[in-house]
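Let me give you the structure first, and then I'll get to my questions.
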Amino acid sequence: TTSQASSNVLANFSENAFDRNQYDSAARFALAGIRKQNSTIQAIDISAAQTQLHRAIYRSTLLIEFSHEEDVVDADISADGHRIATAAGKTVYLLDIASGQKIATMEHNEKVTNVAFSPDGKRIFTASENKTARFWSGITGKYLIELNQNKTILNAKFSPDGNRIITTCSDATAQVFDVPSGRMVTNVQHGDPIANAYFSNDGRRIITKSNNGTSRLWDILSSQILME
């Protein structure tokens, strides 16, 4: 798939950075590769990007080692660089980067597929295979709220101000939710499976990109197509 190919390319970038002893850059490329792979919820086999992430973290000047009982399928770092959230099995682990110590665990009933910090690092978004999506404190890991939705989420991104989040789903829809309340703001149907979706810088519009190469610009409040 296109997502898997992109993941492999980013894994190659990570390997090249690793060979140049640029371990931080290698880790960033590897994390991007993992997120590309997870956009299609591929098989649970360890990908090239995951392998490169493990290598980069191990050799980084900031050494963090934390054991997981199951494969890590997604991870994100807070904007301030103080915390990392990893998804393994049904659990999301919130870790302190400086010490490598576990701050909290966040549980789902089925395997977690997505984890993301809000831009300010105060919230964590998680989604699992049983179509549940939740918000947690990005500081303590405390449960906050569950989204009122019942779809398989492939990808999720916060708006620049962190007040909304957009999810792309397996039924070729993209949904925007209000973060504090969990209320759905808009739901748009692209017509073809959506590879990714993004907010505009002002947070008033969204762009959806499908696997067939089409892109659409939407107004969030009206759910109308502005450009295709």
message: With rounding to the nearest 0.5 angstrom, report the CZ to CG distance, Arg205 to Asp219.
response: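 Spacing of CZ (Arg205) from CG (Asp219) equals 6.5 Å.
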query: Is it true that a side-chain atom of Thr113 and a backbone atom of Glu129 form a donor plus acceptor pair closer than 3.5 Å?
result: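 Here the side-chain-to-backbone pair does not exist.
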- prompt: Is there a donor-acceptor pair closer than 3.5 Å between any side-chain N or O of Asp76 and the backbone N or O of Phe117?
  reply: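 Yes: the side chain of Asp76 pairs with the backbone of Phe117.
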message: List the residues meeting side-chain contact (heavy atoms from CB on, under 4.5 Å) with Ile145, not counting sequence neighbours, and say none if there are none.
response: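 Counting only residues at least two positions away or on another chain, Ile145 forms a side-chain contact (heavy atoms from CB on, under 4.5 Å) with Phe135.
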message: Evaluate Thr132 against Asn109 for side chain to side chain contact (heavy atoms under 4.5 Å, CB included), listing each step before the verdict.
response: CA-CA 9 Å; Thr132 58; Asn109 294 327; 6.0 Å; no
- request: Enter the distance from Ile166:CD1 to Lys157:NZ here, rounded to the nearest 0.5 Å.
  value: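 Reported to 0.5 Å precision, the distance equals 9.0 Å.
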Atom CG of Asn201 with >12 non-hydrogen neighbours under 6.0 angstrom: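 At most 12 heavy atoms, drawn from other residues, nucleotides or ligands, come within 6.0 Å of this atom.
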field: Reported OG-to-CG distance for the pair Ser118 and Asn163, which is rounded to 0.5 angstrom
entry: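 Between Ser118 OG and Asn163 CG, I get 9.5 Å after rounding to 0.5 Å.
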query: Is there a donor-acceptor pair under 3.5 Å between the side chain of Ser137 and the backbone N or O of Lys142?
result: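 Pair absent, no side-chain N/O of Ser137 close to backbone of Lys142.
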query: Quick one: ring pair (Phe, Tyr, Trp, His ring centres under 6.0 Å) pairs with a partner in residues 171-194, sequence neighbours left out?
result: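 Qualifying pairs, neighbours excluded: none.
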task: For the pair Arg204 and Leu221, evaluate side chain to side chain contact (heavy atoms under 4.5 Å, CB included) and give the outcome as yes or no after the intermediate values.
output: CA-CA 8 Å; Arg204 297 170 57 187; Leu221 294 181; over 6 Å; no
message: Once rounded to the nearest 0.5 Å, what's the spacing between atom CD of Gln189 and atom OG1 of Thr208?
response: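 Between atom CD of Gln189 and atom OG1 of Thr208 there are 10.0 Å.
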message: To check you understand the geometry: which heavy-atom pair defines the closest contact between Val112 and Val92, and what is its length?
response: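 The pair with the smallest heavy-atom distance is CG1-CG2, 3.8 Å.
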- prompt: How many angstroms lie between atom OG1 of Thr140 and atom CD1 of Ile124, to the nearest 0.5 angstrom?
  reply: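 So the OG1 of Thr140 and the CD1 of Ile124 are separated by 8.5 Å.
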query: Do you know which two heavy atoms are closest between Met184 and Gln175, and how far apart they sit?
result: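 Where Met184 meets Gln175 most closely, the heavy atoms are SD-NE2, 3.2 Å.
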- prompt: Closest approach of Phe158 and Pro119, non-hydrogen atoms and distance?
  reply: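 Minimum heavy-atom contact is CB-CD, 3.6 Å.
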message: Membership question, hydrophobic clusters at under 4.5 Å side-chain separation (ILVMFWY): are Leu147 and Leu144 in the same one?
response: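 Yes, Leu144 and Leu147 fall within the same hydrophobic cluster.
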query: Under the side chain to side chain contact (heavy atoms under 4.5 Å, CB included) criterion, do Glu70 and Lys111 qualify, and how do the steps go?
result: CA-CA 10 Å; Glu70 300 187 56; Lys111 288 184 178 180; 4.1 Å; yes
Within-4.5 Å side-chain heavy-atom neighbours: Lys151 and Asn187: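 A side-chain contact under 4.5 Å exists here.
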task: Might you point out which heavy atoms bring Val179 and Gly162 nearest each other, and give the distance in Å?
output: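 Closest approach of Val179 to Gly162: CG2-O, 3.5 Å.
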message: Using side-chain heavy atoms (C-beta onward) and a distance below 4.5 Å, is Phe125 in contact with Ile153?
response: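 A side-chain contact under 4.5 Å exists here.
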field: Distance-minimising heavy-atom pair for Ile165 and Ala156
entry: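 Reported closest heavy-atom pair: CD1-CB, 4.0 Å.
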field: Minimum heavy-atom distance between Arg83 and Gly121, given as atom pair plus value
entry: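 Closest approach of Arg83 to Gly121: NH2-O, 3.1 Å.
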- request: Apply side chain to side chain contact (heavy atoms under 4.5 Å, CB included) to the pair Ile77 and Ile97, showing each step before the final yes or no.
  value: CA-CA 9 Å; Ile77 301 175; Ile97 289 179; 3.9 Å; yes
query: Do any N or O atoms from the side chain of Thr168 and from the backbone of Asn155 form a donor-acceptor pair under 3.5 angstrom?
result: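 Yes; judged by distance alone, with no hydrogens or angles, the pair exists.
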- prompt: Hey, is NZ on Lys209 packed in by over 12 heavy atoms from elsewhere, all under 6.0 Å?
  reply: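 Check fails, neighbour count at 12 or below.
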message: Are Ile103 and Val115 linked, directly or through intermediate hydrophobic residues, by side-chain heavy-atom contacts shorter than 4.5 Å (ILVMFWY only)?
response: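 Same hydrophobic cluster.
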query: Measuring from His82:NE2 to Leu95:CG, what's the distance to the nearest 0.5 Å?
result: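 Separation between the atoms: 14.5 Å.
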